[in-house]
Visitor: 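Before I ask anything, let me first share the structure, which is written out below as structure tokens.
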Amino acid sequence: MACGGAAFPRRASVPRRRRFQFPKLPKPRITASMCLYQFLIAVRSEGQNLTNEDGETTSHLMGFFYRTLRMMDNGIKPIYVFDGKPPQMKSGELAKRGARRAAAEVSLKEAQEAGEQENIDKYTRRLVRVTKEHNTEVQQLLTLMGIPFVVAPAEAEAQCAALAAAGKVYGAASEDMDTLTFGTPTLLRHMTYSENRKKPINEVSYEQVLEGLEMTKETFVDLCILLGCDYCESIRGIGPHRALALLREHQSIENILASLDPDKFTVPEDWPYAEARRLF
DNA sequence: AATCTGCCTCAAGACGGG
DNA sequence: CCTTCTTGAGGCAGATT
DNA sequence: CCCGTCC
């Protein structure tokens, strides 16, 4: 999502390089849906997913199995969090996605007709879709492995943040900055990066972010809304820098709106920023 | 001149032998 | 009625100050 | 590290 790293000055995060690819931490929570996508897209051989003898896909199971073992080897006890019902999306976003998918389908067909294997692989990956069965199968695997998991009532990020805030787990592992907006005390980024990507695990402290930005929880939430979260549009022409500057000056979206030059910036009609705020 | 925003595109795991 | 669901990073052009 | 293989 769009609450991107660009919004956060480097001092707000605490990078830690470790000898192992995972830190020695007790119980981070990990959002599972993105893992599913990654495994289904990446775990392939000659363009095909790995399968059992009946032709059923096993890429996601391989991925979860080995990654979880690796974490256990490094002294981490993960708790996976699955998304509950899908988030209600903006209709514009949905349309865009449909268009992208359709474009990929056309490109795939062209590649197939031209016999361009490289492009066939590329567009096949772009069309990967995670099903309910994939989710169920992974949950079954985790059960058999004795690894706990939770199915969130709604968004996994919110659930992660809630349990981290309650002190049940060390932190939330996610690439999604919304997790921080939901109030996770500790956000672990790049937790699932493979070793060859050479990225250090990034431990972000909510408190230090607020301190570094000199913001309160309330202004931080407003900042994320201005940057464009999953729940509502952002204001065209206002990106990270202006959003930060405006909030520094005015403290809240209401105050900003009151002083914003309507000739320069167009605020979306019926802009539901208050609803978005309530969700965080 | 130096920023800043927005749009485009791409790529996405893990293991182990040599 | 069903097929549930993606996203971050980096590069670039053009607008803006 | 590189690259074939995992199913």
Side-chain angles (χ1 to χ4, degrees), chain A residues 1-8 21-22 31-71 73 82-90 93-94 96-105 107 118-119 121-137 151-152 154-157 174-179 189-199 202 226-230 233-246 261 263-265:
Chain A
M1 57 102 11
C3 286
F8 306 102
Q21 52 272 48
F22 291 119
T31 49
S33 25
M34 195 41 64
C35 299
L36 264 164
Y37 265 99
Q38 285 173 346
F39 291 138
L40 286 173
I41 288 168
V43 183
R44 281 163 183 273
S45 181
E46 290 170 21
Q48 304 287 313
N49 278 121
L50 308 183
T51 61
N52 66 7
E53 58 269 24
D54 292 331
E56 295 165 320
T57 299
T58 54
S59 293
H60 53 312
L61 300 175
M62 294 278 292
F64 267 89
F65 183 70
Y66 283 117
R67 184 177 283 177
T68 304
L69 286 190
R70 190 180 222 193
M71 281 190 271
D73 276 350
F82 290 80
D83 272 311
K85 59 178 181 191
Q88 45 190 7
M89 300 295 268
K90 296 163 278 191
E93 282 299 313
L94 284 175
K96 264 191 214 163
R97 273 177 207 175
R100 269 198 292 265
R101 176 164 286 270
E105 276 166 3
S107 300
E118 208 173 294
N119 281 338
D121 293 352
K122 181 163 118 188
Y123 294 116
T124 303
R125 283 168 203 256
R126 212 168 284 185
L127 289 167
V128 163
R129 198 169 251 185
V130 174
T131 67
K132 198 172 188 176
E133 281 67 44
H134 291 137
N135 276 279
T136 310
E137 286 161 6
V151 179
E155 256 205 279
E157 312 300 342
S174 171
E175 303 310 304
D176 191 340
M177 279 297 173
D178 269 7
T179 316
R189 295 178 75 227
H190 307 160
M191 184 83 178
T192 64
Y193 274 19
S194 51
E195 198 173 353
N196 58 13
R197 285 224 246 169
K198 304 239 184 267
K199 294 257 190 174
N202 206 347
L226 283 175
L227 297 181
C229 64
D230 283 344
E233 310 283 327
S234 54
I235 302 173
R236 195 181 175 83
I238 295 190
H241 286 85
R242 255 170 256 181
L244 197 51
L246 284 169
D261 185 348
D263 294 334
K264 281 187 185 170
F265 300 101

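Residue numbering restarts at 1 for every chain, and letters A, B, ... go by the order of the sequence lines.
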Visitor: Across the strands shown, which category fits A/G239 at heavy-atom distances under 4.0 angstrom: base, sugar-phosphate, nothing?
Guide: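 Sugar-phosphate: the residue A/G239, judged by heavy atoms under 4.0 Å, touches backbone atoms but no base.
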Visitor: If the cut-off is 4.0 Å, is A/R125 near the phosphate of B/dA11, judged by side-chain N/O to OP1 or OP2?
Guide: no
Visitor: Determine yes or no for a side-chain-to-main-chain donor-acceptor pair under 3.5 angstrom, with A/D83 supplying the side chain and A/A156 the backbone.
Guide: yes
Visitor: Using purine N1 to pyrimidine N3 plus N6-O4 or O6-N4 for Watson-Crick, or N1-O2 and O6-N3 for G-U wobble, both under 3.5 Å, which nucleotide pairs with B/dA14?
Guide: D/dT5
Visitor: Whole angstroms only, please: what is the CE-P distance between A/M177 and C/dT7?
Guide: 15 Å
Visitor: C/dT3 phosphate, OP1 or OP2: any side-chain N/O from A/R129 under 4.0 angstrom?
Guide: no
Visitor: Please determine whether a side-chain nitrogen or oxygen atom of A/R126 lies at a distance below 4.0 Å from atom OP1 or OP2 of B/dC10.
Guide: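 Checking B/dC10 against A/R126, a side-chain N or O does come within under 4.0 Å of OP1 or OP2.
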Visitor: Do the ring planes of A/H60 and A/H134 sit parallel (below 30°), tilted (30 to 60°) or perpendicular (above 60°)?
Guide: perpendicular
Visitor: Does A/S33 reach a base, just sugar-phosphate, or nothing at all? Heavy atoms under 4.0 Å.
Guide: nothing
Visitor: Just call it for A/K122: base, sugar-phosphate, or nothing, with non-hydrogen atoms closer than 4.0 Å on any strand.
Guide: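 It contacts sugar-phosphate atoms only.
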Visitor: Rounded off to whole Å, could you give me the CZ-to-P distance for the A/F39 and C/dT6 pair?
Guide: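 Roughly 18 Å, once rounded to whole Å.
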Visitor: Among C/dC5, B/dC15, C/dT6, which nucleotide has an atom closest to any side-chain atom of A/N135?
Guide: C/dC5
Visitor: A/R97 CZ to C/dT6 C1': how many Å, rounded?
Guide: 6 Å
Visitor: By nearest atom, which of the nucleotides B/dA14, D/dC6, C/dT6 is closest to the A/R70 side chain?
Guide: B/dA14
Visitor: Nearest whole Å is fine: how far is C/dT7 P from A/M191 CE?
Guide: 20 Å
Visitor: May I ask you to verify if any side-chain N or O of A/Y66 is less than 4.0 angstrom from the OP1 or OP2 atom of B/dA14?
Guide: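 Indeed not, no polar side-chain atom of A/Y66 lies that close.
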Visitor: Using whole Å, report how far CZ of A/R236 lies from C1' of C/dT16.
Guide: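 My rounded result for the distance is 13 Å.
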Visitor: Where the side chain of A/L50 is defined as all heavy atoms beyond and including C-beta, which of C/dT3, B/dC4, D/dC6 is the nearest nucleotide?
Guide: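 Among C/dT3, B/dC4, D/dC6, the one nearest the side chain of A/L50 is D/dC6.
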Visitor: Using Watson-Crick or G-U wobble geometry with both distances below 3.5 Å, tell me the partner of C/dC5, or none.
Guide: none
Visitor: For C/dA9, does OP1 or OP2 lie under 4.0 Å from any side-chain N or O of A/R189?
Guide: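 Indeed, a polar side-chain atom of A/R189 lies that close.
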Visitor: Using only side-chain N and O atoms of A/R67, determine if any of them is under 4.0 Å from OP1 or OP2 of B/dC15.
Guide: no
Visitor: With a cut-off of less than 4.0 Å, is there a side-chain N or O of A/H241 near OP1 or OP2 of B/dT3?
Guide: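 Negative; the distance criterion is not met.
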Visitor: Measure from CZ on A/R100 to P on C/dT7 and round the result to the nearest Å.
Guide: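 Checked: the CZ to P distance equals 10 Å.
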Visitor: For the pair made of CG in A/L40 and P in C/dC5, what is the distance, rounded to whole Å?
Guide: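 My rounded result for the distance is 14 Å.
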Visitor: Would you check, one step at a time, whether the test side-chain hydrogen bond (donor to acceptor under 3.5 Å, both in side chains) holds for A/E56 with A/T51?
Guide: CA-CA 5 Å; A/E56 295 165 320; A/T51 61; over 6 Å; no
Visitor: Do other residues, nucleotides or ligands put more than 12 heavy atoms under 6.0 Å from the CZ atom of A/F265?
Guide: yes
Visitor: From the list C/dT6, B/dT5, C/dA9, which nucleotide is the closest neighbour of the side chain of A/H190?
Guide: C/dA9
Visitor: What is the distance, rounded to the nearest whole Å, between atom CG of A/D121 and atom P of B/dA12?
Guide: 12 Å
